[in-house]
Structure formats: structure tokens, C-alpha cells
Amino acid sequence: MTASTALPANAIEVRGLEKTYAGNKKSGPKTALHGVDLVVPRGSMFGLLGPNGAGKSTLINILAGVVNKTGGTAAVWGRDIDADPRGARAALGVVPQEIVADVFFTPREALEVQAGFYGVPSNERRSDELLAALGLSDKANAYVRALSGGMKRRLMVAKALVHAPPVLILDEPTAGVDVELRRQLWEYVRKINAEGVTILLTTHYLEEAQELCDTIAIVNRGRVVACEPTPQLLRRLDTRNVVVTPESELTALPKLKGFEAVARPNGAFAVSYKKGQSSVEQVLAAVRAAGVTIADITTEDPDLEDVFLALTYGDPDQPEPTRD
Ligand code: ADP
Ligand code: MG
């Protein structure tokens, strides 16, 4: 890249992206992405959050050029993946979800081979620097098969960075990684983000996305159901449930002022409220005001699936989601 080349405003731009897997005779075709729009600004630490099967890996694998889209457009660093696939790939490092271990190489060799694959000239290679950055220096000449799962994953991060891409994608990088390693990995990811590398990471843990990412897009069932700066999104997700077991069985759900009761098993019902706006006490007051004597209460955080469904229901542009 020459000095006069303007940097793109967006590291990743995806428009109307669609993917239908052909499937086999038994399963039939499966649509994993239903027209996804996504813009990842240059320099951001962007989280793609969604439950298993949401379509996160499909989206990433399309960007990486290992899955063919069936509709829409995608560009990495301003380079369209159809018009300039090599350019798009050169701008991107991807740490895939599955651990792939080079059984016959040492970590240093694995990085050299990868650098060769990307055509990085010898004098620009940085294998030792990357090994050091990811805490693998003392394993540089060990066999990869002798590494722990966490070390293999760090080696995958190093491999994704051999060509110094301006965009790094990590697909569920902490699945199966212990707490200490996770912390180290995030420290490193934060550091390279501060140095200017745009990060896109997928996770199905809200806590992980909220801790790391400045912006979070939520995908569910192949659709983006929310995309907002993290603090704004958290305010929207700030709901809790109070589960009430009445003293005696009710013949109908109580009508509550300002809240809604939803049936639960064994005669209980749940009431959800926004943490910032109301409190358990207000919920209980409304329950008592409806003439219910309370035998027991518990509070719970809604699981992400509930949140995703709620967000999807709330959007008039989205068709009703179906559970499959
Ligand atoms: P995520 O990464 O969010 O868990 P995926 O992109 O892996 O989601 O999967 C999205 C959907 O596409 C799922 O329903 C999954 O079963 C389906 N899918 C993924 N890969 C294939 C494939 N190779 N063939 C058929 N269906 C697939
Ligand atoms: Mg996945």
C-alpha cells in the first residue's frame, strides 16, 4: 500500500448477504443467512454475538473465501470479495472456530509456511515476534501436536497475523480456553486493536462481547436483530425476570399494572422488568395489588435466546422468528 492510498472508512462491509447451504437428501437446503447487512468501521473492536446456529461462522467463512455466498455483496478493506478476492484475503487474518493443528510442524515452521503461503518476503517475516507476543517462544521448536489446546489456539492467532493484515477475525476464540489464557489472549487482542488493527470477534457469550467490544451486532437465525454501541445495547438488554409462585393456584394469570405475567410450570408465573426502570419491589407490589398472595419468588437473568427472540419480535421489519 502506498502512502497516498486513502484508508477505507470501513474494514468490512456486507450488504444483503445470503447463504443457503444445499444440504443433503435427508436434511434438505438450509438458509443460514437471510440478507445480512453489516458494517464494521475501521479501527473498531466489533462483536458478532449470537447463539449457536445463528450464522456467525457462515458469515466469517464467506469473508475468508472458504464458503461461497448465494447472494449479496461483501468487501474487506474496500476490496470486493468477488472482484478482488486476493486483495480481500490479503487484508484479512482469520482465526477459525475449529482448532486445526499442523501435526508435522513446529510452531515456528508453521508460521514460516503460512508466511510463505501469503508470499511474505523473508526479511518481512515476524515469526519470532509473533511467537513471543503470544507466549509461545519456549515452544517454538516443539511439535505442534505436543501443545495444549490453549497453545494451539494462540498459534492459530499468530498464523492469522503473519501477513500483518489490517483486519483480524476471531471466530469463538475462547471456546475451550481456560480463564488465564483467555485473559492473555484478550490482552493481546486489545493491544493490536490499539495499534490500529480492526477486530471482529464472534461469541455466544454476552459477557465476553460486552467486556471487549465497542460495538455489538446481534445475529439470530441468519438475521442481524440489533447493531449498536455496546453501552446502548446493554441498556436494552437490561431485563430481569421475577418468577412468582402463588400461595394458592390461580385460575388465570393475574393482570398486572405496568407489567405482564407469563405462565410458568407448576402454577408459577414470570414477570420481566427493566433494571434501570423498575425494581423487584415494584413488580411484587403490582402482583400483590392484583390480589395474589406470594408463596415464593426467585429472580433470574433471561437467557440470551429469550433476549434474541424479544429483539426479533420487537422489530416490525422482521418476520416472526420460528424455532427450528
Ligand atoms: P454459528 O457459527 O452462529 O453457530 P453457523 O454459521 O455455523 O452458525 O451455522 C448457521 C446454520 O447453518 C446452522 O443452522 C447450521 O446447521 C447450518 N450450516 C452450517 N454449515 C453448514 C453446512 N456445511 N451444510 C449445511 N448446513 C450448514
Ligand atoms: Mg460458529
Side-chain angles (χ1 to χ4, degrees), residues 12 14-40 45-74 76 81 92-101 149-150 152-153 156-157 159-160 167-177 182 185-186 189 199-210 212-213 215-227 233 237 303-312 315 318-324:
I12 295 171
V14 162
R15 304 278 175 205
L17 197 64
E18 288 178 20
K19 174 64 187 179
T20 300
Y21 289 103
N24 53 33
K25 269 215 180 87
K26 211 168 119 234
S27 66
K30 163 85 198 175
T31 299
L33 298 175
H34 300 264
V36 165
D37 295 326
L38 195 73
V39 169
V40 178
M45 178 94 106
F46 196 101
L48 200 57
L49 175 68
N52 285 329
K56 305 181 296 297
S57 294
T58 298
L59 173 69
I60 280 166
N61 291 336
I62 290 171
L63 293 171
V66 298
V67 164
N68 291 322
K69 59 188 166 61
T70 48
T73 62
V76 181
I81 63 166
L92 188 63
V94 179
V95 184
Q97 182 171 351
E98 309 301 336
I99 290 186
V100 268
K152 284 185 188 136
R153 198 166 282 279
M156 285 169 61
V157 176
K159 275 180 73 178
V167 186
L168 178 67
I169 298 184
L170 302 126
D171 195 0
E172 308 236 10
T174 53
V177 170
R182 185 176 305 196
L185 191 57
W186 291 152
V189 167
I199 309 283
L200 172 66
L201 74 92
T202 79
T203 177
H204 57 268
Y205 299 114
L206 176 62
E207 307 79 60
E208 188 159 279
Q210 84 184 55
L212 283 165
C213 301
T215 310
I216 297 176
I218 294 184
V219 277
N220 194 29
R221 297 169 205 282
R223 292 187 166 85
V224 174
V225 295
C227 180
L233 185 76
L237 298 188
D303 70 20
L304 268 185
E305 183 73 357
D306 293 341
V307 172
F308 297 139
L309 285 172
L311 285 169
T312 313
D315 184 344
Q318 301 282 356
E320 287 203 353
T322 47
R323 290 202 176 246
D324 48 18

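Both counts, for ligands and for their atoms, begin at 1 and track the order of listing.
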Residue pair S57 / T202, side-chain heavy-atom distance below 4.5 Å: no

Find out whether L206 and L49 are in side-chain contact, i.e. whether some heavy atom of one side chain is under 4.5 Å from a heavy atom of the other. yes

From the list L59, N61, V67, side-chain contact (heavy atoms from CB on, under 4.5 Å) partner of K19 resolves to V67

Taking 2.8 Å as the limit, list every protein N, O or S atom around the Mg ion (ligand 2), by chain and residue number. S57 OG, Q97 OE1

Quick one: pull up OH in Y205 and CG in L212 and give me the separation to the nearest 0.5 Å. 14.0 Å

Select all protein residues for which some heavy-atom-to-ligand 1 distance is less than 4.0 Å, and list them by chain and number. Y21, K30, A32, P51, N52, G53, A54, G55, K56, S57, T58

T58 and Y21 side chains, donor-acceptor separation under 3.5 Å: yes

Sub-4.5 Å side-chain heavy-atom contact between I12 and F46: no

If you count every heavy atom of other residues, nucleotides or ligands that lies below 6.0 Å from N24 atom CG, does the total exceed 12? yes

Taking side chain as C-beta onward, heavy atoms only, is T31 less than 4.5 Å from E18? no

Flag side-chain contact, heavy atom, 4.5 Å: K56 against Q97: no

